[in-house]
Amino acid sequence: MGVGGCLALPWRCLVVLCLRLLFLVPAGVPVRSGDATFPKAMDNVTVRQGESATLSSILYAGNDKWCLDPRVVLLANTKTQYSIQIQDVDVYDEGPYTCSVQTDNHPKTSRVHLIVQVSPKIIEISPDISINEGGNVSLTCLATGRPDPTITWRHISPKAVGFISEDEYLEITGITREQSGEYECSASNDVSAPVVQRVKVTVNYPPYISDAKSTGVPVGQKGILLCEASAVPSADFQWYKDDKRLAEGQKGLKVENKPFFSRLTFFNVSEQDYGNYTCVASNQLGNTNASMILYGE
Ligand SMILES: *[C@@H]1O[C@H](CO)[C@@H](O)[C@H](O)[C@H]1NC(C)=O
Ligand SMILES: *[C@@H]1O[C@H](CO)[C@@H](O)[C@H](O)[C@H]1NC(C)=O
Ligand SMILES: *[C@@H]1O[C@H](CO)[C@@H](O)[C@H](O)[C@H]1NC(C)=O
Ligand SMILES: *[C@@H]1O[C@H](CO)[C@@H](O)[C@H](O)[C@H]1NC(C)=O
Ligand SMILES: *[C@@H]1O[C@H](CO)[C@@H](O)[C@H](O)[C@H]1NC(C)=O
């Protein structure tokens, strides 16, 4: 294997490097293991991506560096025992490493298996979504890591419902308004803290008037009619007296529209103000109305 192979596959390079040493250790130069017995089972060395791996059970002889990968350095532990250190370890460094040395004509082999761990990372997640009530929602969260991360979905707001999917896919059929809010995808393995990302699910629904009460107010007093409605997107309000739409800026009258209610204020109620008022709440999904009476006391 040539130098080119070295650059592409550093771990293979190390194998070659070490195996070649078997033949290159000059006769008469004693190369011994600090511990004469090699472990029978292959040792695992686990290291996180970006850190350095020291393969200390590998024996090595001579100071010549055969590998062109600048991340590989030789560490002298004692006169006869060496380690190989791979700096800034990456996933392609994972694999078996074999080192052979010749001692008294008995070639000895040491083998370790380098395991590279990688923190979880979310690589793809569904964007925020707006959907009409009753529709189907499919959210995806893809993550990488070594070992493979565990992916979960949770519904976290407005009410924390908890885990709802132990999977990278979250399917909701016939979504309800209670299922709107923030969903959190979490990817975790043992390497580092879980990584999380959130998706906002907006569930649209037509207005629903929750409160509209008739009110009794004596002449000369201040009177208020309130119309409360929930809707997503929030409702637009209009007021009618009998069949006539109330004009904006009518004298002695104030209309306040907020996302969840509309308030009609009569600063000084007169006989002409008494009657049947209808509040109409609408958004692009539909409209509804409720009637209430302003009466004298
Ligand atoms: C090395 O790791 C593999 C899988 O990761 C495992 O099956 C094996 O038992 C480990 N060996 C040792 C000696 O720990
Ligand atoms: C939602 O999914 C259900 C079941 O898979 C299906 O019957 C229905 O047609 C879907 N609705 C829409 C709007 O796609
Ligand atoms: C309410 O209106 C009546 C009749 O127009 C008037 O006499 C009275 O002073 C007004 N009251 C107030 C508080 O403005
Ligand atoms: C008020 O008006 C609405 C709509 O015109 C009507 O349905 C309702 O019966 C009326 N209420 C009363 C008490 O007249
Ligand atoms: C109120 O709702 C009823 C029933 O949906 C509808 O017939 C009526 O036209 C509505 N009134 C107004 C003022 O929108």
Side-chain angles (χ1 to χ4, degrees), residues 1-104 106-124 142-149 187-195:
M1 186 186 288
V3 161
C6 244
L7 289 169
L9 280 171
W11 69 267
R12 286 196 197 286
C13 157
L14 279 171
V15 174
V16 172
L17 169 82
C18 293
L19 290 175
R20 284 176 76 172
L21 281 173
L22 183 63
F23 306 105
L24 289 168
V25 171
V29 175
V31 180
R32 282 180 283 111
S33 157
D35 173 8
T37 53
F38 286 94
K40 285 199 186 77
M42 201 188 283
D43 280 336
N44 286 334
V45 174
T46 302
V47 64
R48 292 178 192 184
Q49 184 182 40
E51 294 180 348
S52 296
T54 303
L55 308 179
S56 56
S57 63
I58 288 186
L59 298 176
Y60 195 106
N63 285 317
D64 294 338
K65 196 158 166 238
W66 292 67
C67 186
L68 288 186
D69 191 330
R71 300 176 307 131
V72 179
V73 294
L74 182 65
L75 305 174
N77 300 342
T78 67
K79 274 188 179 174
T80 55
Q81 189 178 18
Y82 293 85
S83 300
I84 286 170
Q85 188 180 63
I86 307 170
Q87 292 161 351
D88 191 14
V89 162
D90 211 334
V91 288
Y92 53 73
D93 295 318
E94 184 162 301
Y97 288 76
T98 305
C99 184
S100 295
V101 291
Q102 184 158 341
T103 63
D104 305 333
H106 294 296
K108 291 197 172 184
T109 299
S110 171
R111 306 207 304 154
V112 296
H113 194 98
L114 182 65
I115 295 171
V116 180
Q117 294 187 326
V118 182
S119 303
K121 183 180 177 193
I122 293 174
I123 52 164
E124 192 188 320
L142 302 179
T144 57
R146 277 169 177 249
D148 279 343
S188 61
N189 61 16
D190 294 337
V191 182
S192 64
V195 290

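Model, not experiment: these values are computed from the prediction. Counting from 1, the numbers follow the sequence of the chain as shown. Any value given below was found using the heavy atoms of this structure, including those in side chains, with hydrogens, waters and symmetry copies removed.
Here the closest heavy-atom approach between residue R146 and residue V116 is recorded as CD-O, 3.4 Å. Nearest heavy-atom pair, T144 versus P149, reported as atom, atom and distance to 0.1 Å: O-CG, 3.6 Å. I122 and A187 make their closest contact through CG1-CB, 4.2 Å (heavy atoms, listed as atom of the first residue, atom of the second, distance). Shortest non-hydrogen contact noted between P120 and S188 is CG-CA, 4.1 Å.
The closest side-chain donor-acceptor pair between S52 and Q87, if any, does not fall under 3.5 angstrom.
Side chain of R111 to backbone of P96: no donor-acceptor contact under 3.5 angstrom is found. Listed for the N189 side chain is a donor-acceptor partner under 3.5 Å among the backbone atoms of V118. Between the side chain of D69 and the main chain of R71, a donor-acceptor pair closer than 3.5 Å is present.
Considering only residues two or more places apart in sequence or on other chains, S119 meets the side-chain hydrogen bond (donor to acceptor under 3.5 Å, both in side chains) condition with S192.
Residues Q49 and D90 have side chains in contact (heavy-atom distance under 4.5 Å, counting atoms from C-beta outward). At least one side-chain heavy atom of L55 sits under 4.5 Å from a side-chain heavy atom of L114.
Atom CD of E94 and atom CD of Q117 lie 9.5 Å apart (nearest 0.5 Å). Taking CD1 of I115 as the start and CG of N44 as the end, the distance is 4.0 Å to the nearest 0.5 Å.
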